[in-house]
Number of protein chains: 2
Amino acid sequence: MALGAPDVSVLDHRSEQQKRILAAAVQCFARDGFHGTSMQKICAEASMSPGALYRYFPSKESIIGAIVEGESAERAKLFEFLDQAPSLIDGLTECIAALLSKDSIDCAKLGPEIMAEAIRNEKLREALEPVEEESHVLLRAALVSGMEKGEIDPEIDPDTLVMLLKVMGDGMILHNQLHPQWNLPDRLPAFAILVRRMLAPETKSTAP
Amino acid sequence: MALGAPDVSVLDHRSEQQKRILAAAVQCFARDGFHGTSMQKICAEASMSPGALYRYFPSKESIIGAIVEGESAERAKLFEFLDQAPSLIDGLTECIAALLSKDSIDCAKLGPEIMAEAIRNEKLREALEPVEEESHVLLRAALVSGMEKGEIDPEIDPDTLVMLLKVMGDGMILHNQLHPQWNLPDRLPAFAILVRRMLAPETKSTAP
DNA sequence: GAGGTGAGAATGAATATTCGCTCTCAGCAT
DNA sequence: ATGCTGAGAGCGAATATTCATTCTCACCTC
């Protein structure tokens, strides 16, 4: 057995198969939920036998873990581009719109699934924590910067505001799944106007 | 066999037992979730054999259905007393505080469980719909009345506002379960101040 | 032909639901 | 009173199904 790096093509194949399994699992989980999805269903979706599948993931739980990790990493990345938007609130609106959009339909469907599961599943909750922390920090920085630019009233406590905005974001993800007929994405501009009113600096006697 | 009404004590016993089973099931569901709870666990919690339990409910699903119906009916009732509060926003804050409070700990724990389940389970979603509709109407009426009283800017579209408030409410219920360490209930007064800013009528040159 | 790869049957645990038996007790005939 | 009877109530073992996981062996590529 050589001590050098193993054959690259072997690793390629492995990660290729893993990706295939994860994609199939995401489909299934989005359709039937974590509990409603059996390994057999994932196998069928991936056109793969259980024997083969278990060569790449040791358990169903590990598949869920891998997916959650990927999804939440992607979600945290959203906030990185907040400061490139013309205004902070426009940026936030875009973030939410992206989360609710059809593009990430599976991600959007998985959102509530993951949250609900994390309430009970300690492992999952711990895996989510650092990502939550990171997005909290990013969002907070964006808000403080917005305060310095005069877009947001600096009197408001930034941590409270971060919490309120996250509550609203998660609430929207949930509602969009639960009541799709209410067409929540269409209301986003109206929501943005209301949020702007909430955050705007008080216009007290600035006139000369 | 007499044609008259059956013995009252018999009906009493039936509904008494049903209540006992439902109480046990709520305990279990709040602790382990719908999927993590087996009929055996409910039986143990209710100190009852499966044979006896199945005499009162035909299936696990029917137990879940009965609980959801009860919980959501109770939840809708909350909004009925909105107009008795000193101000609308105080009233809303109280509603949320009640939902998150330890008093209704089981109800609060069940909230996210029910929402997550309703995303997949069509039966459940349909059972929830009329209650959602009712609370939408109640909340909307309260908001319109708040507009007439000058507490809320009448320029705001009431339906959009109802949606935003419900999104926030559900988001808070979810977050309170998911991140209890953030002590969301302590932030409610701060949230109320922000919401007040959002809804207050614009103070445009009212001075002479 | 040897080692990695995969197919698919087999396994064993968990779980919702059913079944057959017993127990209790009210009503009634003796 | 006493014992009979039948129906509702309860028990818990049995059943049938589902599911995650493992095993065995064939295949394919080097």
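Throughout, a chain's letter reflects where its sequence line sits, starting with A, and its residues are numbered from 1.
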Fill in the blank from the handout: Contacts of B:Cys28 meeting side chain to side chain contact (heavy atoms under 4.5 Å, CB included) (sequence neighbours excluded), chain-then-number -> B:Arg31, B:Thr37, B:Lys41, B:Ile42, B:Glu45
Practice task
Identify, with sequence neighbours excluded, every residue that meets side chain to side chain contact (heavy atoms under 4.5 Å, CB included) alongside A:Pro50.
Solution key: A:Gln40, A:Cys43
Handout entry: Quiz item: A:Arg55 side-chain donor-acceptor pair to C:dG4 base, under 3.5 Å
Key = no
Exercise for the section: Say whether B:Ser87 and B:Asp90, considering side chains only, have a donor N or O and an acceptor N or O under 3.5 Å apart. Expected result: yes
Whether [X] contacts [N] is assessed here as follows: a side-chain N or O lying under 4.0 Å from the phosphate OP1 or OP2. Is that the case?
| X | N | result |
| --- | --- | --- |
| A:Tyr56 | C:dT5 | no |
| A:Gln17 | C:dT5 | no |
| B:His13 | D:dA9 | yes |

Output side-chain donor-acceptor pairs under 3.5 Å for residues 119-129 of chain B, partner residues at least two apart or in another chain, one line each.
from     : atom 1 : to       : atom 2 : distance (Å)
B:Arg120 : NE     : A:Glu113 : OE1    : 2.9
B:Arg120 : NH1    : A:Ala30  : O      : 2.8
B:Arg120 : NH2    : A:Glu113 : OE1    : 2.8
B:Asn121 : OD1    : B:Lys123 : N      : 3.1
B:Asn121 : OD1    : B:Leu124 : N      : 3.3
B:Arg125 : NE     : B:Ala118 : O      : 3.0
B:Glu129 : OE2    : A:Gln181 : NE2    : 3.0

Distances for protein N/O vs nucleotides 13-20 of chain D N/O pairs under 3.5 angstrom?
from   : atom 1 : to      : atom 2 : distance (Å)
D:dA20 : OP1    : A:Thr37 : O      : 3.3
D:dA20 : OP1    : A:Lys60 : NZ     : 2.8
D:dA20 : OP2    : A:Met39 : N      : 2.5

Problem - ring-ring contact (aromatic ring centres under 6.0 Å, His included) contacts in which one or both residues fall within residues 32-63 of chain A, not counting sequence neighbours - result: A:Phe29-A:Phe34, A:His35-B:His35
Practice task
Would you kindly give the CZ-to-P distance between B:Arg14 and D:dA7, to the nearest whole Å?
Solution key: 17 Å
Problem - Nucleotide D:dT21, atom P - distance to CG of A:Leu53 in whole Å - result: 10 Å
Counting only pairs under 3.5 Å, give me each side-chain donor-acceptor contact of residues 169-176 of chain B, with atom names and distances, residues two or more places apart or in other chains.
from     : atom 1 : to       : atom 2 : distance (Å)
B:Asp170 : OD2    : A:His175 : NE2    : 2.6
B:His175 : NE2    : A:Asp170 : OD2    : 2.6

